[in-house]
There are 2 protein chains.
Amino acid sequence: MVTEQLRHTADDGDVTRADSLAREIFSGVATKWALLIINVLADDTLRFTELRAAVDGISHKMLTQTLRGLERDGLVHRTVYPTVPPRVDYYLTEPGQELRATVNGMCAWTRKHLRAIEAARRRFDGQAP
Amino acid sequence: MVTEQLRHTADDGDVTRADSLAREIFSGVATKWALLIINVLADDTLRFTELRAAVDGISHKMLTQTLRGLERDGLVHRTVYPTVPPRVDYYLTEPGQELRATVNGMCAWTRKHLRAIEAARRRFDGQAP
DNA sequence: CCGCATCCATCAGGATACTG
DNA sequence: CAGTATCCTGATGGATGCGG
């Protein structure tokens with residue numbers, strides 16, 4: 001897919017590099033789990049287990065994996081306390097906070113249009129089956 | 001997954017229904033392709049083929065499929081002209097436009113932090129391998 | 001031109017188990 | 001408690017072809 005995108009934009013000039021990078025970052029972040037984690041973290045500092053409980057429905061694996069990605073991109077900060085049992089804290093960095101603001105917007109939007117969407121679906125489903 | 005969510009929130013009281021619906025809608029929309037399509041549509045009216053060209057990298061199938069979903073939720077409006085060859089136009093509805101505003105935020109965020117993220121990645125990747 | 005159906009490869013992602 | 005590794009399935013999504 002990255003290959004494809006490079007191919008597709010290859011004849012567009014010199015913004016190519018930045019564009020494909022942007023697309024990659026956007027695609028990585030525009031994800032159910034990533035966005036939900038960011039939304040839950042908000043301005044708290046949470047441990048792995050707390051996050052797991054808060055995100056609701058996420059598996060151990062996906063949580064670890066998504067957190068690694070967010071950490072790699074510098075959106076969350078990860079603190080490891082070498083105690084036993086271990087303790088790991090996560091919180092949003094400044095860039096993470098900024099992204100969170102827009103994610104909040106999406107959540108607000110969802111709540112606002114809940115009933116309307118529900119209705120739209122009934123209409124859509126009702127006229128075809 | 002829907003099942004799981006219902007199960008998980010079952011002991012939370014009566015917001016259960018709305019919550020799981022919200023999650024479902026959010027998950028459907030918080031998707032690479034859906035967000036990119038919304039972003040590209042902006043306040044234009046585009047035909048299927050134009051969209052396909054604009055979104056760049058999306059397959060015929062995914063475009064159809066994602067558009068159906070957006071139409072079903074009432075985020076895009078679909079107009080079919082019974083001409084030959086057929087012509088189908090898509091544009092964002094009012095709710096779609098509202099969502100688009102927040103998507104714009106995400107895009108702006110991506111552009112703004114491009115270099116920082118790139119750097120963060122190098123740092124992250126550089127200290128382990 | 002657009003949509004739908006089909007086939008098929010892939011990979012996301014869940015379950016499980018073992019380490020520090 | 002948190003992370004990593006392995007296995008395995010089922011959904012995702014690409015390619016292709018026909019129909020309207």
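Below, chain A is the first sequence line, B the second, and so on; all start at residue 1.
- Tyr81(A) comes within contact range of no nucleotide atom at all, as no heavy-atom separation falls under 4.0 Å.
- In the set dG14(D), dC1(C), dG14(C), dG14(D) carries the atom at the smallest distance from any side-chain atom of Met62(B).
- Look at Arg68(A) and Glu71(A) and you find a salt bridge, because one of the NZ, NE, NH1 or NH2 atoms lies within 4.0 Å of a carboxylate O, short of that distance.
- Not one side-chain nitrogen or oxygen of Arg52(A) sits closer than 4.0 Å to the OP1 or OP2 atom of dC1(D).
- Checking the phosphate oxygens (OP1, OP2) of dG3(D), a side-chain nitrogen or oxygen of Arg78(A) falls inside 4.0 Å.
- Contact annotation: Tyr90(B) does not reach the phosphate of dC1(C) (side-chain N/O to OP1 or OP2, under 4.0 Å).
- Spacing between atom CG of Leu67(A) and atom C1' of dC1(D) amounts to 14 Å, rounded to whole angstrom units.
- Salt bridge Glu118(A)/Arg115(A): present, at least one basic N to carboxylate O contact under 4.0 Å.
- Residues Leu41(A) and Arg100(A) are not in side-chain contact: their nearest non-hydrogen atoms beyond the backbone lie 4.5 Å or more apart.
- Comparing dC1(C), dG14(C), dG3(C) by their closest approach to the side chain of Phe48(B) singles out dG3(C).
- Among the nucleotides dG13(C), dC1(D), dC1(C), the one closest to any side-chain atom of Trp33(A) is dG13(C).
- Thr45(B) is not listed as a side-chain neighbour of Tyr90(B), based on a closest heavy-atom distance of 4.5 Å or more.
- Rounded to an integer number of Å, the gap from Gln65(A) CD to dA12(C) P is 8 Å.
- Between Arg78(A) and Asp89(A) no salt bridge is recorded (no basic side-chain N to carboxylate O distance below 4.0 Å).
- Closest contact between the side chain of Val88(A) and the listed nucleotides dG20(D), dG3(D), dG3(C) involves dG3(D).
- Taking atom CD of Glu50(A) as the reference point, atom C1' of dC1(D) lies 12 Å away to the nearest angstrom.
- Checked by distance alone, His60(A) brings no side-chain donor or acceptor within 3.5 Å of a matching partner on the base of dG14(C).
- Between Thr31(A) and Pro86(A), the one whose closest nucleotide on DNA chain C sits nearer the 5' end is Thr31(A).
- Across dG3(C), dG3(D), dC1(C), the shortest atom-to-atom separation from the side chain of Arg68(B) is found for dG3(C).
- To the nearest angstrom, C1' of dT12(D) lies 13 Å from NZ of Lys32(A).
- In this structure, CZ of Arg47(B) is placed 10 Å from P of dG3(C), rounded to the nearest angstrom.
- Atom CG of Leu63(A) is separated from atom C1' of dG3(D) by 11 Å (rounded to the nearest Å).
- Per the geometry, NZ belonging to Lys61(A) stands 10 Å off C1' belonging to dC8(D), to the nearest Å.
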